[in-house]
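Below, chain A is the first sequence line, B the second, and so on; all start at residue 1.
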2 protein chains.
Amino acid sequence: MPRRATIIEVAREAGASKTSVSRYFAGERDKLSPALCERIAAAALRLDYRPNQMARGLKGGHSRLIGMLVADIRNPFSVAVMHGVERACREQGLALLVCNTDNDPELERTHLALMTSYQVEGLIINASGSPDAELQALTDRGLPLVLLDRELGAVEADLVGLDNARAIDLALDHLAEQGYGELLYLSEPPERASPRRERLTRFQAGLTARRLTGEAYTMSGSDEELARNIEAFLTRSAPKGSGEVPRALLCANGAVTLAATRALLRLGARLGKTGLMGIDELDWCALIDPGITTLAQPTEAIGQQAIASLLAKPGNQADAKARQHRFEPRVIARGSTRLSG
Amino acid sequence: MPRRATIIEVAREAGASKTSVSRYFAGERDKLSPALCERIAAAALRLDYRPNQMARGLKGGHSRLIGMLVADIRNPFSVAVMHGVERACREQGLALLVCNTDNDPELERTHLALMTSYQVEGLIINASGSPDAELQALTDRGLPLVLLDRELGAVEADLVGLDNARAIDLALDHLAEQGYGELLYLSEPPERASPRRERLTRFQAGLTARRLTGEAYTMSGSDEELARNIEAFLTRSAPKGSGEVPRALLCANGAVTLAATRALLRLGARLGKTGLMGIDELDWCALIDPGITTLAQPTEAIGQQAIASLLAKPGNQADAKARQHRFEPRVIARGSTRLSG
DNA sequence: TTGTACGCGTTATCAC
DNA sequence: GTGATAACGCGTACAA
């Protein structure tokens, strides 16, 4: 059973020293004579040598590993961002250690410990719980950290994500333009995830600014309960004697859009007559009959920015101020917000 | 900037030797006196010590790392399997290094090299190209290997995936039962992915066995072209003077189902009257009007089996025969294969 | 430009 | 039971 060749064997095969081989693979070939380079290259090829990253990491702390902690790997948004992160890593010669917490704070702690035990050089966190203390300890130790999508109060770290206020503004403007005057905002429980809070807050502020009426409903129970609440919203009589005003639903993210669509279809609502708009673009949004209007996040850009932020960190200098990188979404207008249909 | 404590510091703090501390964390506590255990535990806690996996991996080759190479991370099926893999890893105290090849054989080679440089203890491969030589070299070196979903001719390794023949049989039986007699099988180019070939072959064999008529179309071009072909299939006159027979589409995987649904809706077809069935269950299949009938793969089980197979490999003994673990799908019948609708 | 010697944090081996 | 010591494969002063 042939073992993998080590740097020593390559050195012997090439008639050179460890040091030279090491330099060769560390990208310092310009400091070697062309002849030596050639010999080393040939030897390495013959022996199929690859530097052992474990040993490399042990020495200088250069593991070339980036850790990414995702709250829900089955969320297409997370995967899309991960795709961007991966591409950026590849361009930098970094490897990506991915852990999924399934929104379990306990698991999150476990995985955090796991990743640090592999001496990751940077950490991208899409938090499920509030591991503030653990994370702060890591940044204090000089580990570059980037928060993805979800903010964490007590941690000084860059944040990369959506411009939630702008997103809600775009949504409200679009809905108002299309003639919807009474809105129902649907969200998952906003307690633990900062974007949910930001979006909800902005929604409520945005209503009054635009003289719209509306309310928010937090999904917690069953599909049935959601459907009941939507039905109540759609069927109750218009307020204050004003004439009948078109009503629309605004969904805080992809999961909510799915649930809301299911509910609307079950209620027999006609999309468009009943407005429907969601944050996060999904495969199937164009398929549901007149098409569902969405706000698409630039997931690839978000992913790449996460790595860029990580790399921009002055390594050990923790003096750099935490920055925010907020990306603007794009409105994809479809039939579900077209009254004339 | 506080560094992470090392085993030496813990040993000193606990008044013990490196060896004992190492044993403590290697799970050999039963070979230590309770008193020593206690002292080590206390010292480790005080210093917030965590074993350095890099150093561990260097010594014994025990990186506790599993590599997973995915052809397309944005395919929900892959993510679902990955979820199962991850869970299994966690239960075994393993970490998962995930790489996405975006179906690029070049990238696949790169990532393969990357993973081995991290001394992964096992590899799960959902192949994009045919890195047979590289993989065989790895198994020869004693690295446990599992092929996921896609077979690779020249490599002796376990395969975990769908029972494709059974899946097609189930689909054909279901369609025939529901009264569809003329079928169009839609697939992506079958050249490089073994499941596509297996499914296609079985489809053609299954037709004659059931006295159904049908044909296969390989998607390669645009949506428009697909729509044209589907339209041609749906509108041409019945063969051999037999009366009009209900027609149905069978989609080889989730991506195809999406494209086919788009095409059908554009053509204004009524689902059910025109049958539609797809392999792979997706979020939105229940949403499209009468519901789209699917074959759901047991993704979680597949993922867990992949790790189980990896761990079952006798490590260095390459004598173990390559086994196949074929899972049976489940029919989720919906309106798209109900003629009466 | 090239080679020598040491250390990174851990585990395995062998004494006690 | 416990402890000293030698690897593991590599990077890097430092010397030549």
Side-chain angles (χ1 to χ4, degrees), chain A residues 2-41 43-44 47-65 93 113 116-121 141, chain B residues 2-41 43-44 47-65 93 95 116-121 141:
Chain A
R3 248 185 50 272
R4 177 153 302 278
T6 77
I7 200 171
I8 296 190
E9 296 166 319
V10 176
R12 194 187 319 131
E13 176 87 6
S17 73
K18 284 200 321 180
T19 313
S20 300
V21 180
S22 172
R23 285 195 178 127
Y24 180 86
F25 283 99
E28 303 174 22
R29 309 185 189 187
D30 46 345
K31 298 188 175 179
L32 298 179
S33 71
L36 226 199
C37 272
E38 195 120 349
R39 267 159 43 221
I40 294 178
L47 270 52
D48 191 29
Y49 167 74
R50 312 241 195 255
N52 181 329
Q53 287 292 348
M54 286 286 164
R56 278 190 161 175
L58 185 53
K59 183 60 187 172
H62 294 329
S63 65
R64 304 305 289 161
L65 260 186
T116 60
S117 79
Y118 280 97
Q119 315 296 106
V120 292
E121 289 187 44
R141 199 174 288 130
Chain B
R3 245 184 53 272
R4 183 158 290 285
T6 77
I7 201 172
I8 296 190
E9 296 167 319
V10 176
R12 194 185 320 130
E13 176 87 7
S17 72
K18 289 200 306 183
T19 314
S20 300
V21 179
S22 172
R23 284 190 178 128
Y24 180 86
F25 283 99
E28 302 173 21
R29 310 188 189 186
D30 47 345
K31 298 186 175 180
L32 298 179
S33 70
L36 227 199
C37 273
E38 194 120 350
R39 264 156 49 216
I40 294 177
L47 271 52
D48 192 29
Y49 166 76
R50 312 239 196 256
N52 181 330
Q53 287 292 348
M54 287 284 163
R56 279 189 163 175
L58 182 54
K59 180 59 187 173
H62 295 329
S63 66
R64 304 305 288 163
L65 260 186
T116 60
S117 79
Y118 279 98
Q119 314 296 103
V120 292
E121 289 186 46
R141 199 174 287 130

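Remark: A:Glu38 CD is loosely packed, at most 12 non-hydrogen atoms of other residues, nucleotides or ligands lying under 6.0 Å away.
Within 3.5 Å, no donor on the side chain of B:Lys18 pairs with an acceptor on the base of C:dG9, nor the reverse. Taking only distance into account, the side chain of B:Lys59 meets the base of D:dA7 through a donor-acceptor pair shorter than 3.5 Å.
Remark: P of C:dC8 and CD of B:Gln53 are 19 Å apart, rounded to the nearest angstrom. Note: CG (B:Leu58) to C1' (C:dG9) measures 9 Å, nearest angstrom. Look at NE2 on A:His62: it is 16 Å from C1' on D:dG9, rounded to the nearest Å. Note: CD1 (A:Ile8) to P (C:dG3) measures 14 Å, nearest angstrom. Taking atom CD1 of A:Ile7 as the reference point, atom C1' of D:dG9 lies 8 Å away to the nearest angstrom. Here the P atom of nucleotide C:dT10 and the CG atom of B:Asn52 are 6 Å apart, to the nearest Å. Per the geometry, OH belonging to B:Tyr118 stands 14 Å off P belonging to D:dC10, to the nearest Å. Look at CZ on A:Arg50: it is 13 Å from P on D:dC10, rounded to the nearest Å.
Comparing the start and finish of the helix from C:dT1-D:dA16 to C:dC16-D:dG1, five pairs each, the helix axis swings through 30°, to the nearest 10 degrees.
Contacts between residues 20-33 of chain B and DNA chain C, counted as heavy-atom distances below 4.0 Å, involve B:Ser22, B:Arg23.
When all heavy atoms of B:Arg4 and B:Glu9 are compared, the closest pair comes out as O-OE1, 4.2 Å. Taking all atoms of both residues into account, the shortest heavy-atom contact from A:Ser63 to A:Val120 is OG-CA, 3.8 Å.
The phosphate of D:dG9 (OP1 or OP2) has no side-chain N or O of A:Thr6 nearer than 4.0 angstrom. In this structure, B:Arg56 reaches the C:dT11 phosphate: one of its side-chain N or O atoms is under 4.0 Å from OP1 or OP2.
Of the inter-residue distances, the one linking A:Arg50 atom CZ with B:Ser117 atom OG reads 8.5 Å to the nearest 0.5 angstrom. One finds the OH atom of A:Tyr24 at 10.5 Å from the CG atom of A:Leu36 (value rounded to the nearest 0.5 Å). The CZ atom of B:Phe25 sits 8.0 Å away from the CD1 atom of B:Ile7 when rounded to the nearest 0.5 Å. In this structure, B:Thr116 OG1 and A:Asp48 CG are separated by 8.0 Å, a value rounded to the nearest 0.5 Å. Remark: A:Gln53 CD to B:Gln119 CD distance equals 9.0 Å, nearest 0.5 Å.
At distances below 3.5 Å, at least one donor-acceptor pair connects side-chain atoms of A:Arg39 with backbone N or O atoms of A:Gly15.
Residue whose closest nucleotide on DNA chain D sits further toward the 5' end, between B:Ala55 and B:Ser17: B:Ser17.
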